[in-house]
Amino acid sequence: MRQRFGPTAVEPAAPLWWGGIGLRVVTWLFALGAVVVHDRDYARPALAWVVLGCMAVWTVLTGLVYSREALRWRWRWFVVLDVVVVCGLMLTSPLILSPEQLANVDPLITTVWVAGVPVVAGTRFGGYGGMAAGLVVGAATAVARQAFTLDVARDGVLLVATGLLIGMSATTARKSAAALAEAWRKEAATAERERLARSIHDNVLQVLARVRRRGAEVGGEAAELAELAGEQEIALRALVTTEPSTTGAGETDLRAALQLLASSKVQVAAPADDVLLPARVTAELVAVVREALSNTAKHAPGAKAWVLLENLADEVVVTVRDDGPGIPEGRLAEAEARGQLGVARSMKGRVLELGGSISLETAPERGTEWEVRVPKAGRKR
């Protein structure tokens, strides 16, 4: 799951970045000690101190970049450049070390300082990125050693494992932060809806309920007003108790969106948990259900309708049924032949575009039932 963070959002994996900075400082101090110890044995001691100075400058520069709070400042290209620079400095070792030092497997000029690269690459790119950086540094180590030995293979395995573990930790931290932020958002939204529901219940809903009761008692035109008040009462209750939420991945809750269609003549049955789908899929399915309910209201004004949502493993199933007079056999084909393509375009076309299927069961005096099946991915099959 890919997460996006705004310009001022704090990076959830910030402790790993700081760990990488600290590791690089400590390992540079180790490299300094190694240069002091082996200075007289180097073939080019002056070059060794120049490279050590470049390592110090690069340590400071990367520390300034990686210490920024927002992830957007830890540029991808800079991390890649970090890998290149570190490997380039390490590849100067054959020019600095004497043939005897290379033969005796003395430390390279960069020593363990290169271990910081898989750490930052894994933190930025995840497990695969950390592994890739470890492989690159391991290969550069073999080139600098001018031989592939057991020690080189061991160092390569450790570098790859370090990048993998740090990358997995960074990915887990970001996923956990995203889940926690979503939970806080839902909790805040729920608290706000409850506050609005209490306020509306004490005022608007009580008035609508009173109008509905009194209108039904009086009858006549007042009964029509009572029916309208009842419709608005149901719609308003659904609005303040339902949250059509959107996740950071661009998914929306189909269950909540369908519950907003409930009225005195339409009952909605759905699972207790969210049914998250891509926003486009949710919008298209709601449009299909609206069209089915609109047909019921148009051709069977007094009929009641039921909307059933089922959340299966690989697909969602939406069923819209009414107790109207049903559709006479051949009526849809006749309407399509006359150019009345509402059902074909508004319902069948939308469902087929989502890679799903739609079926109709109807008979005179037996009502109408539409069943829509759509894969959760929302892609064409």
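The shown structure was predicted, so the numbers you read here are calculated from the model rather than taken from an experiment.
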Per the side chain to side chain contact (heavy atoms under 4.5 Å, CB included) rule, which among T110, L23, T59 passes with W28? T59
Where is the tightest heavy-atom contact between A121 and V79, given as atom of each residue plus distance? CA-CG1, 3.8 Å
Could you state whether V286 and V351 fall into the same hydrophobic cluster, counting links through intermediate Ile, Leu, Val, Met, Phe, Trp or Tyr residues with side-chain heavy atoms under 4.5 angstrom apart? yes
Find the distance between CG (D273) and CZ (R255) and round it off to the nearest 0.5 Å. 8.0 Å
I'd like to know if D314 and K376 make a salt bridge, using a cut-off of under 4.0 Å between side-chain N and carboxylate O. no
Taking the side chain from S176 and the backbone from T172, do they hold a donor-acceptor pair closer than 3.5 Å? yes
Under 3.5 Å: donor-acceptor pair, side chain of D106, backbone of L102: no
Less than 4.5 Å apart, side chain to side chain, heavy atoms only: is that true for I358 and M347? yes
Can you tell me if R44 uses its side chain to pair, donor with acceptor, with the backbone of I96 under 3.5 Å? no
Compare every heavy atom of T162 with every heavy atom of L158, then report the nearest pair and how far apart it is. O-OG1, 2.7 Å
So which heavy atom on P12 is nearest to which on P15, and how close? O-CD, 3.7 Å
When you measure from the side chain of E284 to the backbone N and O of V281, does any donor-acceptor pair fall under 3.5 Å? no
To the nearest 0.5 Å, how far apart are OG in S359 and NZ in K348? 10.0 Å
Looking at side-chain heavy atoms only, is the closest gap between L277 and L285 below 4.5 Å? yes
Working to the nearest 0.5 angstrom, can you tell me the gap between L95 CG and I109 CD1? 11.0 Å
side-chain contact (heavy atoms from CB on, under 4.5 Å) between R145 and V143, worked out: CA-CA 5 Å; R145 285 288 182 192; V143 173; over 6 Å; no
Contact between V137 and M90 at the side-chain level, heavy atoms closer than 4.5 Å - yes or no? yes
Got M168 and I166 here, is their nearest side-chain heavy-atom distance under 4.5 Å? no
To the nearest 0.5 Å, what is the distance between CG (L89) and CG (L91)? 9.0 Å
Can you measure from CG (L360) to CH2 (W370) and round to the nearest 0.5 angstrom? 4.5 Å
Side chain to side chain contact (heavy atoms under 4.5 Å, CB included) partners for T296, two or more places apart: A303, D322
Are W58 and V80 connected, step by step, through hydrophobic side chains (Ile, Leu, Val, Met, Phe, Trp, Tyr) whose heavy atoms are closer than 4.5 Å? yes
Start with the C-alpha gap between W17 and R68, add the side-chain angles, then the distance that decides, and say whether side-chain contact (heavy atoms from CB on, under 4.5 Å) holds. CA-CA 9 Å; W17 288 108; R68 304 296 293 269; over 6 Å; no
With the side chain counted from C-beta on, respond yes when E353 and R280 share a heavy-atom pair under 4.5 Å apart, and no when they do not. yes
Quick check on side chain to side chain contact (heavy atoms under 4.5 Å, CB included): which of V288, L293, N295, V289 does E291 satisfy it with? N295
For V83 and A133, the nearest pair of non-hydrogen atoms, with its separation, is CG2-CB, 4.3 Å
Any side-chain to backbone donor/acceptor pair from T123 onto A170? Under 3.5 Å, distance only. no
Please report the interatomic distance CD(Q267) to CZ(R321), rounded to the nearest 0.5 Å. 10.0 Å
4.5 Å side-chain heavy-atom contact, R290 and L261: yes
Is there a path of hydrophobic side-chain contacts, each under 4.5 Å between heavy atoms, that joins V114 and L61? yes
Show your working on side-chain contact (heavy atoms from CB on, under 4.5 Å) between T111 and T27 and close with a plain yes or no. CA-CA 8 Å; T111 65; T27 52; 5.9 Å; no
Are side-chain heavy atoms of Q101 and H38 found at a separation under 4.5 Å? yes
Check: G367 main-chain N/O paired with T362 side-chain donor or acceptor under 3.5 Å: yes
Keeping R124 on the side-chain end and R74 on the backbone end, is there a donor-acceptor pair under 3.5 Å? yes
Pair T62, V120 - check side-chain contact (heavy atoms from CB on, under 4.5 Å), show working. CA-CA 10 Å; T62 54; V120 298; over 6 Å; no
Looking only at non-hydrogen atoms, find the nearest pair between G324 and A300 and report the distance. CA-CB, 4.0 Å
Between W77 and V86, is there shared hydrophobic-cluster membership here, with clusters defined by ILVMFWY side-chain heavy atoms closer than 4.5 Å? yes
Between Y42 and A34, which heavy-atom pair has the shortest distance, and what is it? OH-O, 3.9 Å
Can you name the side chain to side chain contact (heavy atoms under 4.5 Å, CB included) partners of V65, sequence neighbours left out? W75, F78
So if you build clusters from Ile, Leu, Val, Met, Phe, Trp, Tyr with side-chain heavy-atom gaps below 4.5 Å, do L354 and V275 land together? yes
Just wondering, do L309 and P271 contact through their side chains at under 4.5 Å, heavy atoms? yes
Do W306 and T319 meet the criterion of a side-chain donor-acceptor pair at a distance under 3.5 Å? no
R24 to W113, cation-pi by 6.0 Å centre distance and 45° axis angle: yes
